[in-house]
Amino acid sequence: MDQIPVYNPAEIEPKWQARWEADGLYNADIDPNKKKYYVLTMLPYTSGDLHIGHWYPMAPTDARARFMRMQGYNVMYPIGFDAFGLPGENAAIKNNIHPKVWTYKNIEQMRRQFRTMGTMFDWRREAITADPKYYRWTQWFFIQFFNNGLAYRKYSPVDWCPSCNTTLAREQVWGEDRHCERCHTPVIKKDLEQWFFRTTKYAEELLNYDSIDWPERVRTLQTNWIGRSEGAMVIFKTEHGENFEIFTTRSDTLWGASFMVLAPEHPLVEKITTPEHRAEVEAYRLTASRQSDIQREAADKEKTGVFTGAYAINPVNGARIPIWIADYVLMTYGTGAIMAVPGHDERDFAFALKYGLPVIPVIARLDGVTKSVVLSGTVKDGFADQLKGSGIQFIESEGHLLVTMKQSQVDDFIHLAKSNLKNDAWIELVGATWKFIFTDAIIDFDSVKNDQVIMERCRKINPVVAGCRTVMEMLSGNTFYKDVLFHADYGDMIHSDEFSGTPGKTARYDVAKWLEKQGWGKVAVNYKLRDWLISRQRYWGAPIPIIYCPKCGTVPVPDEDLPVLLPDDVEWKPTGESPLKLHPTWRYTTCPKCKGKAERETDTMDTFMCSSWYHLRYLSPDYEKGPFDPKEYDYWMPVDSYTGGIEHATMHLIYTRFFHKALRDIGVVEGHEPMLQLRNQGMVLGEDSEKMSKSRGNVIAPDKLVSAYGADTMRAYLMFFSRWDQGGPWSSTGIDGTSRWLKRSWVMVVEPPLKRRSDPAAAKSLRRKLHQTLISITRDFETFEFNTIISALMELSNEMIKHKPAVWETDAWHEAVETYLKILAPVAPHISEELWCFLGKPYSIHQQSWPMIDMEAAKADEIVLVIQVNGKLRDRITLPAGVSDEDAHKAALESEQVIRHLEGRTPRQVIVVTGKLVNIVI
RNA sequence: GCCGGAGUGGCGGAAUUGGCAGACGCGCACGACUCAAAAUCGUGUUCCCUCGGGAAUGUGGGUUCGAUUCCCACCUUCGGCACCA
């Protein structure tokens with residue numbers, strides 16, 4: 001007899017990897033007779049610092065790709081490298097190596113490491129984004145966008161480190177005080193002319209996910225990011241006739257607009273600021289420009305602003321209202337200008353109180369509560385008793401009456417108040433009703449004008465309030481009113497001329513439509529999504545293929561001159577300018593149109609641009625007539641299954657969808673979406689449950705583990721140790737369990753049983769388990785539930801080991817072993833190939849079909865009937881499968897346990913769940 | 001503050017449609033093998049218990065014969081957004 005081989009992954013894994021590659025086993029070529037399946041995993045960045053996290057999206061995805069292959073699909077699973085970008089440039093600066101050298105050295109290392117995983121990557125399709133034959137087409141796409149009006153240039157602020165003399169990306173700015181990552185100098189904003197893509201043009205379409213199977217979580221993140229809100233554009237005029245537009249979602253509050261606020265950067269500020277306010281306005285604008293977005297956008301920050309001296313006219317009521325500037329209004333959202341309705345917007349309310357601007361309520365309270373504080377000495381004696389008599393609730397506090405009334409009691413209260421009010425006093429109603437009762441008049445608090453009228457009277461009557469600038473300021477001094485001064489609910493309109501009484505449900509739309517008719521505005525939709533800034537003042541990226549000609553203007557580089565090569569001999573260390581600007585010759589060129597002297601754009605492109613179309617380059621990485629070979633496109637696209645981290649939900653995954661839709665409209669690609677299915681893996685954490693990082697020293701490096709356990713064990717453990725979409729901490733003891741299981745599987749196949757045993761039922765029971773496992777694993781591969789795939793395989797092997805002495809060398813055993821190896825093959829490709837070979841089966845197991853499920857064999861011929869009394873488990877009875885409900889019922893009532901628990905009582909009800917359970921209710 | 005996940009043994013996790021809670025694995029305990037250890041194999045392992053049972057899937061309530069699963073409220077926790085007019 002042959003020697004029994006020992007499981008040695010270090011020997012068999014490289015052996016099979018070499019063989020598969022030599023045979024081109026996983027080469028994916030167009031085959032019109034087969035259904036294609038394009039599997040894609042997010043391309044790795046060339047950090048050179050490969051840890052287990054890089055395996056996590058790839059290994060289980062690979063197992064699934066192999067499963068699809070065995071299901072008969074023509075599967076393509078390509079890989080490449082995201083090779084441009086800041087980390088590379090920084091690492092190179094730090095170690096004084098050219099970014100190109102650093103990057104390509106890392107790629108070498110990563111290729112080697114990825115090969116040890118035993119993935120079915122088709123390496124012929126590898127694409128590297130920093131390769132000129134790749135970025136030639138990145139540049140070509142830029143020009144397509146430019147020619148189709150989707151790329152434009154405008155001034156935009158960037159973060160700038162005055163010490164390093166360079167622009168910084170958002171992730172390079174650290175801490176609350178926003179200092180430079182390298183030298184800790186606080187960063188400033190600098191306005192630079194930069195290139196943008198019109199992502200906003202596709203905002204609406206990007207919200208539609210009908211044709212794609214993407215996780216709800218990603219769709220929600222993107223939807224929130226795009227931030228659609230419906231409202232109206234309203235045209236306001238300054239009192240000198242300049243028009244300006246504002247966006248509002250609450251056109252129903254238009255009558256309550258008591259001031260306007262412009263973003264400090266708003267272009268109109270320059271024009272309208274009056275000479276006496278100019279100094280203050282300029283100072284404020286300067287402070288705002290120095291502040292970071294984070295400082296400006298901190299919601300808990302106290303609101304600040306300054307008056308411009310100018311006034312606007314509210315189109316609906318002609319009110320003359322002051323125009324302020326404040327940094328809580330953002331130039332980047334809407335029109336950078338708002339109407340402030342402090343009665344119904346929390347921010348405006350805080351601002352109005354601080355600066356003494358009038359607050360006018362124009363929307364009814366939903367709870368209908370009105371409050372009034374009746375000060376001691378303002379009414380005749382007996383007023384309190386009369387209130388009691390009318391059933392109006394109040395509490396007494398230091399002689400004052402704190403009244404809270406319902407809508408229906410307001411008229412009674414007014415009547416009583418008026419008849420009891422002493423001279424030189426007033427009583428106010430606050431909340432659902434806003435009225436000031438004076439001895440000679442009742443004045444509605446319903447307009448900016450009446451705000452002043454009321455205040456003038458009050459100041460005269462009570463010197464205590466003489467310092468109050470507005471009614472609301474006066475009322476806010478009383479804590480009893482605190483909860484009724486402001487609300488943001490959709491109540492019915494009040495104090496709004498002919499619109500008063502319009503129900504809250506439809507008010508916004510009614511007003512917006514009316515504005516449209518008047519020519520004062522229009523129904524509008526606004527998005528938080530902004531256009532994509534793609535300029536980077538950096539070296540290690542694809543140059544933007546634009547030439548600036550003094551005569552012809554902005555000229556795209558002609559196709560035949562692409563790629564605009566990134567020069568190697570450049571000072572890539574930070575100097576304060578785009579490195580390409582400092583190159584002695586690169587920058588200077590001739591205009592493609594007039595052949596006169598011209599200059600190149602010296603900024604490079606955001607790397608998200610490179611990663612927006614890499615799935616297209618994989619189709620034909622060497623193709624020269626276009627970004628991809630249309631033949632390949634027609635066969636393989638769209639991507640059928642895409643896997644990667646959730647952290648890309650709002651960046652890469654929006655950009656790549658935008659890219660595809662834009663290219664569709666330009667006529668380069670077809671279909672509405674690039675990736676049909678998306679699944680996100682979680683993150684593998686260090687053993688300390690913290691994010692893996694060099695500084696923490698908790699990084700799990702794959703190389704050591706591969707030599708200790710083998711790639712198969714690691715692949716299986718990555719699938720097993722947690723829910724894949726969730727991730728979790730790595731466990732160095734946990735992996736032992738997976739390793740033991742593969743060793744047991746090996747021994748199970750290669751070693752004969754020590755003792756033989758007779759068990760006539762074993763074969764049938766084994767087949768049953770085998771086909772049940774097949775059912776569950778087939779299902780779990782489809783649903784990305786990798787952990788239960790491994791546990792099902794473990795269960796099956798446990799069962800096989802148990803039955804082995806009884807079925808050794810029978811047909812049932814051979815079927816079980818062959819099937820077991822086939823379903824193990826996607827998970828652990830090396831050990832299954834080796835054992836397949838050991839059994840004398842023809843190479844390769846990876847060209848086998850997924851085993852057929854025998855539903856008959858999977859059926860149990862006995863069932864365990866669960867017997868409950870009052871929902872509590874009392875007995876289990878084994879019965880033949882397919883037992884009738886009547887027989888199950890009968891058997892349950894005959895159970896000794898049941899009889900004991902019935903204690904002679906008759907069941908009220910018996911519930912039978914066919915083949916599963918009987919519940920006896922007494 | 002708003003939006004969205006998630007809470008199950010000592011740990012990771014499992015549980016088709018509402019039907020045996022804790023599969024599978026780790027860890028632990030005991031046993032076998034060994035001079036011994038490692039490795040391997042076997043047995044046990046939610047908690048309480050008067051050995052009849054009882055309690056238990058974040059908490060409290062509800063629907064149901066029956067709830068980890070459905071509904072309501074709350075708590076904890078993770079992620080995203082955060083002055084978005």
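Using a 4.0 Å heavy-atom cutoff across all strands shown, A/Gln897 reaches sugar-phosphate atoms only and no base atom. No contact: A/Arg228 has no heavy atom under 4.0 Å from any strand. Among the atoms of the strands shown, only primed sugar atoms or phosphate atoms (P, OP1, OP2) are found under 4.0 Å from some heavy atom of A/Lys872. A/Lys528 comes within contact range of at least one nucleobase, with a heavy-atom separation under 4.0 Å.
Comparing the P positions of B/A37 and B/A32 gives a spacing of 11 Å, expressed to the nearest Å. Using atom P as the reference point in both B/C48 and B/C33, the two lie 33 Å apart (nearest Å). Remark: the separation of the C1' atoms in B/U59 and B/U8 is 15 Å, to the nearest Å. Spacing of C1' atoms, B/U63 relative to B/C71, comes out at 7 Å, to the nearest Å. Distance noted for atom P between B/C24 and B/U45: 12 Å (whole Å). Between B/G13 and B/A73, the two P atoms lie 28 Å apart (nearest whole Å). Comparing the same atom, C1', in B/A21 and in B/U57 gives a spacing of 7 Å after rounding to whole Å. As rounded to the nearest Å, B/G9 and B/U68 have C1' atoms that lie 14 Å from one another.
Residue pairs meeting the salt bridge (charged side-chain N to carboxylate O under 4.0 Å, His left out) criterion with at least one member in residues 863-880 of chain A, sequence neighbours excluded, do not occur.
Taking syn as a glycosidic angle within 90° of 0, B/G4 does not qualify and is anti. Base orientation of B/G9: syn (glycosidic angle within 90° of 0).
Side-chain rings of A/Phe720 and A/Phe786 stay apart, their centers remaining 6.0 Å or farther from each other. Residues A/Trp532 and A/Phe608 keep their aromatic ring centres 6.0 Å or farther apart. Checked against the 6.0 Å centroid threshold, A/Trp520 and A/Phe236 do not count as a close aromatic pair.
Phosphate proximity of B/G12 to A/Gln726: absent, as no side-chain N or O sits under 4.0 Å from OP1 or OP2. For A/Arg900, a side-chain nitrogen or oxygen approaches OP1 or OP2 of B/G53 to under 4.0 Å. Here A/Ser229 reaches the OP1 or OP2 of B/A85: one of its side-chain N or O atoms lies under 4.0 Å away. For B/G13, one of the phosphate oxygens OP1 or OP2 lies less than 4.0 angstrom from a side-chain nitrogen or oxygen of A/Ser722. Regarding contacts with the backbone of B/G54, a side-chain N or O of A/Arg874 is found under 4.0 angstrom from either OP1 or OP2.
Remark: P of B/C81 and CD of A/Gln222 are 13 Å apart, rounded to the nearest angstrom. Taking atom CH2 of residue A/Trp225 and atom C1' of nucleotide B/A82, one finds them 11 Å apart after rounding to whole Å. What separates CG of A/Asp327 from P of B/A85 is a distance of 18 Å, to the nearest Å. Remark: P of B/C11 and CH2 of A/Trp730 are 21 Å apart, rounded to the nearest angstrom. Atom-to-atom, CE of A/Met719 to C1' of B/G12 comes out at 16 Å; the value is rounded to the nearest Å. The CG atom of A/Asn526 sits 9 Å away from the C1' atom of B/A85 (whole-angstrom rounding). In this structure, A/Arg219 places its CZ atom 13 Å from P of B/G4, rounding to the nearest Å. Between the CD atom of A/Glu265 and the P atom of B/C83 there is a distance of 14 Å, rounded to whole Å.
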Distances under 3.5 Å between nitrogen or oxygen atoms of protein and nucleotides 20-29 of chain B:
| residue | atom | partner | partner atom | Å |
| --- | --- | --- | --- | --- |
| B/C20 | O2 | A/Arg876 | NE | 2.5 |
| B/C20 | O2 | A/Arg876 | NH2 | 2.5 |
| B/A23 | O2' | A/Glu795 | OE2 | 3.1 |
| B/G25 | OP1 | A/Asn798 | ND2 | 3.2 |
| B/C26 | OP1 | A/Arg740 | NE | 3.1 |
| B/C26 | OP1 | A/Arg740 | NH2 | 2.7 |
| B/C26 | O2' | A/Thr733 | OG1 | 3.2 |
| B/G27 | OP2 | A/Arg740 | NH2 | 3.1 |

Shorter than 3.5 Å, N or O on both sides, protein versus nucleotides 77-79 of chain B: list them out with atom names.
none

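Of all heavy-atom pairs spanning A/Ala649 and A/Leu221, the tightest one is CB-CD1, 3.6 Å.
Within a 6.0 Å radius of NZ in A/Lys482, other residues, nucleotides and ligands contribute 12 heavy atoms or fewer.
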Which is it for A/Phe307 and A/Phe259 under the ring pair (Phe, Tyr, Trp, His ring centres under 6.0 Å) test, yes or no, and what are the steps along the way? CA-CA 10 Å; A/Phe307 181 38; A/Phe259 59 101; over 10 Å; no

Verdict with supporting geometry, A/Tyr202 and A/Tyr527, ring pair (Phe, Tyr, Trp, His ring centres under 6.0 Å): CA-CA 11 Å; A/Tyr202 290 87; A/Tyr527 303 91; over 10 Å; no

Show your reasoning for whether salt bridge (charged side-chain N to carboxylate O under 4.0 Å, His left out) applies to A/Lys303 and A/Asp327. CA-CA 8 Å; A/Lys303 310 235 168 317; A/Asp327 64 5; over 6 Å; no

Apply salt bridge (charged side-chain N to carboxylate O under 4.0 Å, His left out) to A/Arg508 and A/Glu230, showing your working. CA-CA 10 Å; A/Arg508 283 169 292 165; A/Glu230 284 180 17; over 6 Å; no

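Place A/Tyr333 and A/Arg908 on RNA chain B by their nearest nucleotides, and A/Arg908 ends up nearer the 5' end.
With B/A15, B/A85, B/C65 as the candidates, the nucleotide lying closest to the side chain of A/Asn919 is B/C65.
Listed by chain and number, the residues in a side chain to side chain contact (heavy atoms under 4.5 Å, CB included) with A/Lys691 are A/Met683, A/Arg696 (sequence neighbours excluded). In this view, A/Leu533 and A/Ser156, A/Gln194, A/Phe196, A/Ser535, A/Arg536 satisfy the side chain to side chain contact (heavy atoms under 4.5 Å, CB included) rule, not counting sequence neighbours.
We find that A/Arg779 and A/Glu785 are not joined by a salt bridge, their nearest charged nitrogen and carboxylate oxygen being 4.0 Å or further apart.
Between A/His487 and A/His344, the two ring planes are perpendicular [angle over 60°; tilted spans 30° to 60°].
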Intra- and interstrand pairs of RNA chain B - dot-bracket, Watson-Crick/G-U under 3.5 Å, | marks other strand: (((((((..(((......[....)))((((((.......))))))(((....)))..(((((..]....))))))))))))....

